[in-house]
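These numbers come from the heavy atoms of this one structure, side chains and all, not from hydrogens, waters or symmetry mates.
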Amino acid sequence: MSYTPTQPDKYNGKQILITSDRLIFNAKDDSILLFSNKAIGFSTNGSFHFDTGEEENSKFVINAPKIYLGLKSDGNLANEPALLGNLTEQWLMDLMDLLDQILLDFQTGKMNQLGNLGFATTPSPTSLSRIQELRNGMDGINDLKKRIKEIKSKQINLV
């Protein structure tokens, strides 16, 4: 479902209507401020742009308890939480370190015990202890699983 904005066609109550080929608001020394008790709506059949200066301190700030980027195909608000970049990166690095340690332990023989020909191999008692440590210890698999929810944004939702 695509969204096509429409121009307001009903004008009721006290209003100011400006119709022109182009409107320019230019604040030379301060800000342009808009305020409404309910909502501010912008609609266009073309593109909508926000541009800031290129100075290092220029920024684009959106401050709201919930931010939705896009609508689902049925027109409802997005419901897929965005991931927090730094926390996601750290969580993935921790996961990679854990997997690397497991592979290292297998490579160095810490987790290998040969069985008799034709029988399944089983971990040695030392390996069982190490596996338990990697699964349940600090920053082990179970700890990483508990931390997964931390990487989801509580503010930004995407389609």
* To do: Could you grab the distance from atom CZ of R147 to atom CG of L95, nearest 0.5 Å is fine?
  => 10.0 Å
* Asked: Would you say V61 and L33 are hydrophobically clustered, going by side-chain heavy atoms of ILVMFWY under 4.5 Å?
  -> no
* Is there a donor-acceptor pair closer than 3.5 Å between any side-chain N or O of S20 and the backbone N or O of R22? -> yes
* To do: Under the side chain to side chain contact (heavy atoms under 4.5 Å, CB included) rule, what do N76 and L71 come out as? Steps first, then yes or no, please.
  => CA-CA 6 Å; N76 288 320; L71 296 173; over 6 Å; no
* To do: Determine whether I40 and F25 fall in the same hydrophobic cluster, where Ile, Leu, Val, Met, Phe, Trp and Tyr are linked whenever their side-chain heavy atoms lie under 4.5 Å apart.
  => no
* Rounded distance [0.5 Å steps], CH2 in W91 versus CE in M96 -> 7.5 Å
* Which heavy atom in S153 sits nearest to a heavy atom in P81, and how many Å separate them? -> O-CB, 3.7 Å
* Check the surroundings of atom CD in E89: do more than 12 heavy atoms from other residues, nucleotides or ligands lie under 6.0 Å from it? => no
* Heavy atoms only: give me the nearest L69-A78 pair and the separation to one decimal. => O-CB, 4.1 Å
* Asked: How far does CD1 of I151 sit from CG of N86, to the nearest 0.5 angstrom?
  -> 12.0 Å
* When clusters are formed by joining ILVMFWY residues with side-chain heavy atoms under 4.5 Å apart, either directly or through shared neighbours, do I32 and F60 land in the same one? -> no
* **Side chain K66, main chain A64, donor-acceptor under 3.5 Å** => no
* **hydrophobic_cluster_shared for F35 and F42, side chain cutoff 4.5 Å** => no
* **CA sep, side-chain torsions, deciding dist, call: K152, L83, side chain to side chain contact (heavy atoms under 4.5 Å, CB included)** => CA-CA 4 Å; K152 297 191 308 185; L83 298 181; 4.0 Å; yes
* Can L17 be reached from L23 by stepping across I, L, V, M, F, W or Y side chains whose heavy atoms are under 4.5 Å apart? -> no
* Asked: Cut-off 3.5 Å, side chains only: do Q90 and D94 have a donor facing an acceptor?
  -> yes
* To the nearest 0.5 Å, how far apart are CG in N79 and CG in L77? -> 9.0 Å
* **Atom CE of M93: over 12 foreign heavy atoms under 6.0 Å** => no
* N57, CG: over 12 other non-hydrogen atoms inside 6.0 angstrom -> yes
